[in-house]
Amino acid sequence: MRWETVIGLEIHAQLATNSKIFSAASTAYGAQPNTQACAVDLALPGVLPVLNKRAVEMAIRFGLAVGAVIPPKSVFARKNYFYPDSPKGYQISQFELPVVSTGSIEIEVEGVKKVIGITRAHLEEDAGKSLHEDFHGMTGIDLNRAGTPLLEIVSEPDMRSAADAIAYAKALHELVQFIGICDGNMQEGSFRVDVNVSVRRPGEPFGTRTELKNINSFRFIEKAIAYEVERHIDILESGGKIIQETRLYDAERDETRSMRAKEEANDYRYFPDPDLLPVIITPEEIEAVRATLPELPAQMRVRLVNDYGLSDYDANLLTSSPQMAQYFEKLVATVGGEAKQCANWMTGELAKALNRDGFDVAQSPVDAVALGGLIKRIVDNTISGKIAKQVFDAMWAGEGSADEVIAAKGLKQITDSSAIEKIVDDVLAANAGQVEAYKNGQDKLFGFFVGQVMKLSQGQANPAQVNSLLKQKLS
Amino acid sequence: MHTLSIKQLSERLQSKQISSVELTRYFLQRIEQLDPSLNSFITVTPELAITMAEQADALIAAGNAHPLTGIPMAHKDIFCTEGVRTSCGSKMLDNFVAPYDAHVVTQLKNIVMPILGKTNMDEFAMGSSSESSFYGATKNPWDLNAVPGGSSGGSAAAVAAGLVPFATGTDTGGSIRQPAAFCGISGIKPTYGAVSRYGMISYASSFDQGGPMARSAEDNAWLLNAMVSFDQRDSTSLRMPEVDYKAGLNDSLKGLRIGVPKEYFGEGLDPEVAQLIRNAISELEKQGAIIVEVSLPNQNLAVPAYYVLAPAEASSNLSRFDGVRYGHRCENPRDLKDLYMRSRAEGFGAEVKRRIMVGAYALSAGYYDAYYLKAQKVRRLVRDDFTRAFEQCDVIVGPVAPTAAFNLGEKTDDPISMYLADLYTIPVNLAGLPAMSVPAGFVKQRPVGMHLIGPYYSEAKLLNVAHQYQQQTDWHIQMPATADVSGRA
């Protein structure tokens with residue numbers, strides 16, 4: 001008897017605003033504890049929240065990118081609970097009227113495309129951090145993070161496997177970076193994934209679900225789901241019932257554990273926050289945001305394959321990050337076309353060098369304009385593709401632009417027919433025996449002659465001309 | 001000098017007949033002599049006051065001072081004042097020295113009005129008698145056996161006894177107007193949003209509003225000018241129309257339509273109070289106003305709705321008082337839960353605890369719709385009543401409270417009876433309208449106040465009506481015997 005897995009994801013993306021969602025304190029990561037928590041973040045008596053407009057814009061950007069409805073009015077609500085990392089004793093979140101309503105995103109799993117529904121996305125403030133080490137049985141509270149804007153993205157329970165879940169999480173991870181609303185840094189907690197898992201017999205209603213938290217990599221998502229699904233099945237097959245609860249994933253032991261010793265249902269007593277006005281979003285504002293959206297990665301991939309004839313592999317690599325996509329666009333623009341060749345250079349020499357030296361494409365010593373300059377010199381026959389690799393290495397080492405390196409090293413391709421002819425003549429004259437052998441049928445020697453000409457010309461003779469001249473003279 | 005109006009004090013300071021330092025010392029001495037029997041101050045700040053007075057004198061000497069510069073004042077202890085204890089009348093904040101100034105405090109510091117101290121109040125502004133203060137009850141200067149009203153009882157008593165020419169108050173369900181009425185002074189709660197709530201410790205966010213308390217409508221007009229200003233740190237702050245609240249004080253009342261709600265004069269209203277209010281209304285009629293009967297049909301639902309909504313907001317607003325970052329913390333907490341429970345149990349008084357529990361209950365799963373949501377709908381009904389009434393009249397007049405001040409201790413065992421006495425003031429806060437209290441007589445030597453309610457942004461009109469009334473009556477000029485220092489050893 002088969003079991004079907006049902007998965008939904010709740011993703012918290014930290015929005016890349018400069019200041020917090022309800023105060024002017026900085027959101028920069030890594031500061032000394034409690035140096036980026038102002039009076040409002042500390043919940044001193046008498047302080048009040050003021051909404052950060054940019055956070056709303058970013059939420060709208062997200063909504064547009066997933067084709068969602070942006071309701072004209074949304075409301076902030078207080079989620080009441082006591083914990084030291086939540087100084088007010090409540091979190092300002094959204095409950096009945098979120099800023100983004102239903103949308104969807106397409107994923108691809110083993111070549112099969114699938115649409116995953118997004119139920120809603122809402123704005124809320126992050127809590128501070130509780131630090132349990134170094135405090136001798138006590139807990140240290142760092143409120144730097146308190147008030148950082150979060151977009152909580154809730155999916156429909158449309159996923160049926162860990163592969164689905166990972167594809168969805170990765171698609172959103174890529175998307176939020178692409179549209180510039182989140183830096184996607186999972187180690188720093190900018191992108192947090194909670195997984196809701198349940199199982200059922202096909203055709204039956206949804207089973208009881210459990211929520212898994214504390215998963216901070218895509219790999220762990222897979223492992224956590226695998227463990228939890230098996231746990232559910234074991235319980236159900238032995239006649240037991242699943243307890244609806246939150247469980248922590250322990251990466252070291254590869255297991256999930258219940259978060260609470262006894263089930264303490266929290267009644268959050270949500271009510272609209274009277275310190276904040278409803279957020280009114282006009283169609284004009286939505287269109288203004290839409291106009292600033294870049295091309296989305298999925299759209300770009302389609303374009304690269306259809307218009308430029310690139311392979312799926314190339315298209316994926318070039319859209320793997322906003323920086324890669326921007327680099328590619330700039331490169332093609334600089335060269336004035338030649339998309340395939342640009343793609344080859346990026347997936348080939350550039351990728352190799354970046355990986356070798358551990359650089360991100362944004363840190364590349366050879367920027368798109370510089371590389372474009374190099375490719376232009378191949379296209380206009382100034383240098384051959386082979387020489388270009390030498391030039392690239394020199395540029396990477398900081399020796400200047402393509403033109404500067406070519407000039408400095410005298411690498412210009414020799415295209416003067418008479419000059420090449422002279423070298424060809426010299427080679428044939430110096431290798432009379434091989435010429436004889438070639439004329440007697442040893443066709444493979446042609447490559448030898450090409451090699452000799454290239455050697456004598458330091459690789460700079462135009463290969464096409466070398467070929468045609470040799471053919472002429474050897475026939 | 002404590003009988004002089006703000007205008008007169010201003011004239012004397014500007015013409016250098018008296019210095020701000022002299023004036024400040026004068027009031028500080030009165031506080032020292034008279035406040036022990038009144039307990040209207042929680043904290044007196046003589047050094048701060050003198051320092052500010054010296055600054056004021058320098059500005060006046062330079063010749064370009066604001067008309068209010070140098071006039072001493074006091075803040076209700078709900079306004080954060082930097083470097084000064086701000087207790088909100090609670091043990092929870094007995095050790096809290098505010099690290100910043102409220103917007104209102106900054107506004108008045110910019111004008112350099114010397115701060116004499118922080119006045120007593122019901123704990124966290126929850127109350128109508130100032131008896132729930134951790135620092136003990138304030139006495140009514142007119143009768144030391146009577147309450148001064150609440151929650152701004154300290155400010156009201158201090159002004160009434162001439163310890164300070166003016167004090168700030170806050171009003172969530174009547175806490176400026178009712179103590180003003182009980183103490184025979186004038187106070188105004190402006191349109192919700194007119195005065196910034198930044199730094200004004202929250203009780204019920206959608207109701208709280210700050211305002212002036214002084215000895216006449218004219219004084220209040222001067223002070224309201226200084227207190228009303230847009231503040232971007234308060235998301236509920238309004239950009240009020242640019243109005244000089246003094247400008248229309250002398251407008252004629254001829255043709256003004258005074259609405260008298262028929263629901264006001266029912267059972268529960270003390271007949272002597274009723275008579276005084278009717279006399280006051282007649283006085284306005286004499287000045288040319290037209291009396292119109294209006295109706296506020298949902299008037300009787302206002303108090304129950306308020307006592308669901310305000311505690312609900314308060315239960316959440318007071319969650320930050322947890323012993324973690326500031327305020328009272330219990331000794332030797334065993335764990336987090338113990339820290340929270342004991343710090344809050346020790347720090348909060350009985351009335352605050354009652355309201356937190358009521359509020360949490362009203363918001364809890366299964367009860368939200370029946371209580372909180374329902375009360376919000378009633379709130380709209382009450383507001384709509386006023387909207388309809390104001391189609392037929394310009395100002396609504398009635399009593400501030402059903403009785404004059406009650407005795408100390410009389411209602412402490414019967415909170416509900418204290419709640420019900422807010423029946424006239426509460427509807428105003430539900431609707432967010434501006435309203436005033438001005439002295440209208442005495443019942444058994446305890447003051448009674450007339451309530452004036454206007455449409456949104458009609459503060460100037462209310463002050464005008466009150467001022468014209470005060471030109472023809474002298475209730476507001478009278479001072480209690482306890483204000484008289486002469487003859488004391």
Side-chain angles (χ1 to χ4, degrees), chain A residues 21-24 34 37-53 75-93 95-96 128 130 132 137-143 146 264-279, chain B residues 78-80 86-88 92-93 96 98-103 124 196-202 204-208 231-237 309 312-313 315-327 336-337 339-341 344 359-368 372-373 376:
Chain A
I21 188 173
F22 297 115
S23 84
N34 293 314
C38 66
V40 175
D41 303 322
L42 291 169
L44 293 185
V47 297
L48 296 170
V50 179
L51 179 60
N52 182 332
K53 200 161 91 167
V75 170
F76 284 103
R78 294 189 184 179
K79 180 178 181 180
N80 294 282
Y81 67 95
F82 286 94
Y83 201 67
D85 67 6
S86 184
K88 292 189 290 298
Y90 59 87
Q91 176 197 32
I92 302 178
S93 177
F95 187 54
E96 289 172 331
S130 302
H132 306 290
M138 299 187 75
T139 298
I141 306 293
D142 175 12
L143 294 174
E264 251 175 37
N266 249 328
D267 178 3
Y268 294 117
R269 302 188 300 285
Y270 282 101
F271 70 103
D273 193 329
D275 287 330
L276 291 164
L277 303 181
V279 183
Chain B
I78 198 172
F79 289 99
C80 286
T86 299
S87 74
C88 239
M92 184 60 88
L93 292 180
F96 178 69
Y100 75 101
D101 280 332
H103 184 80
F124 283 108
S196 166
R197 294 187 298 114
Y198 187 79
M200 198 177 102
I201 298 172
S202 289
S205 316
S206 71
F207 297 87
D208 295 343
D231 181 9
Q232 63 182 15
R233 295 172 298 180
D234 172 357
S235 300
T236 61
S237 177
L309 295 172
E313 294 183 6
S315 72
S316 181
N317 284 330
L318 268 61
S319 292
R320 67 191 61 198
F321 302 110
D322 56 11
V324 174
R325 297 167 312 294
Y326 52 77
L336 183 63
K337 197 163 173 181
L339 170 73
Y340 284 153
M341 291 180 73
R344 287 167 68 83
Y361 183 83
L363 290 172
S364 61
Y367 295 107
Y368 177 91
Y372 183 84
L373 196 55
Q376 286 283 45

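Side chains included, hydrogens not; waters and symmetry mates left out as well; all remaining heavy atoms used. Numbers restart at 1 for each chain; the letters A, B, ... are given by sequence-line order, proteins then strands.
In terms of the side chain to side chain donor-acceptor pair (under 3.5 Å) criterion, residue partners of B:Ser206 (sequence neighbours excluded) are, by chain and number, B:Glu313, B:Arg379. Every residue two or more places apart in sequence or in another chain that forms a salt bridge (charged side-chain N to carboxylate O under 4.0 Å, His left out) with B:Arg233 is listed here: B:Asp231. Residues passing the salt bridge (charged side-chain N to carboxylate O under 4.0 Å, His left out) test with A:Arg78 are A:Asp273, A:Asp275, sequence neighbours excluded.
A:Ile141 does not touch chain B: none of its heavy atoms, backbone or side chain, sits under 4.5 Å away. Interface remark: B:Ala98 contributes no atoms to any contact with chain A (heavy atom separation under 4.5 Å). With a threshold of 4.5 angstrom between heavy atoms, B:Gln232 approaches chain A through N, CA, C or O but not through any side-chain atom.
A:Pro87 approaches B:Asp322 most closely through the heavy-atom pair O-OD2, 4.2 Å. Nearest heavy atoms, B:Thr236 versus A:Pro274: CG2-O, 3.6 Å. Among all heavy-atom pairs drawn from B:Tyr326 and A:Leu42, the shortest one is CE2-O, 4.2 Å.
With rounding to the nearest 0.5 Å, the separation of CG in B:Leu373 from CZ in A:Phe271 is 13.5 Å. Interatomic distance, A:Asn34 CG to B:Arg325 CZ, rounded to the nearest 0.5 Å: 10.5 Å. With rounding to the nearest 0.5 angstrom, the OG atom of B:Ser235 is 10.0 Å from the CZ atom of A:Phe76.
Between B:Pro99 and A:Leu44, the closest side-chain pair of non-hydrogen atoms falls below 4.5 Å. The closest side-chain heavy-atom distance from A:Pro272 to B:Tyr372 is below 4.5 Å. Residues A:Val47 and B:Tyr100 form a side-chain contact, since some pair of their non-hydrogen atoms from C-beta on lies under 4.5 Å apart.
One N or O on the side chain of A:Asp267 and one on the backbone of B:Ala365 form a donor-acceptor pair closer than 3.5 Å.
For chain A, the option among B:Ser202, B:Gly199, B:Gly327 with the highest count of heavy-atom pairs below 4.5 Å is B:Gly199. Chain B forms the most heavy-atom pairs under 4.5 Å with one residue out of A:Gly89, A:Pro45, A:Ala43, and that residue is A:Pro45. Most heavy-atom pairs under 4.5 Å with chain A: of the set B:Phe79, B:Tyr198, B:Phe207, B:Phe321, this distinction falls to B:Tyr198. Interface remark: of the candidates B:Ser316, B:Ala360, B:Cys80, B:Ser316 forms the most heavy-atom pairs closer than 4.5 Å to chain A.
Along residues 79-86 of chain A, the residues that come nearer than 4.5 angstrom to chain B, judged on non-hydrogen atoms, are A:Asn80, A:Phe82, A:Tyr83, A:Pro84 in order of number.
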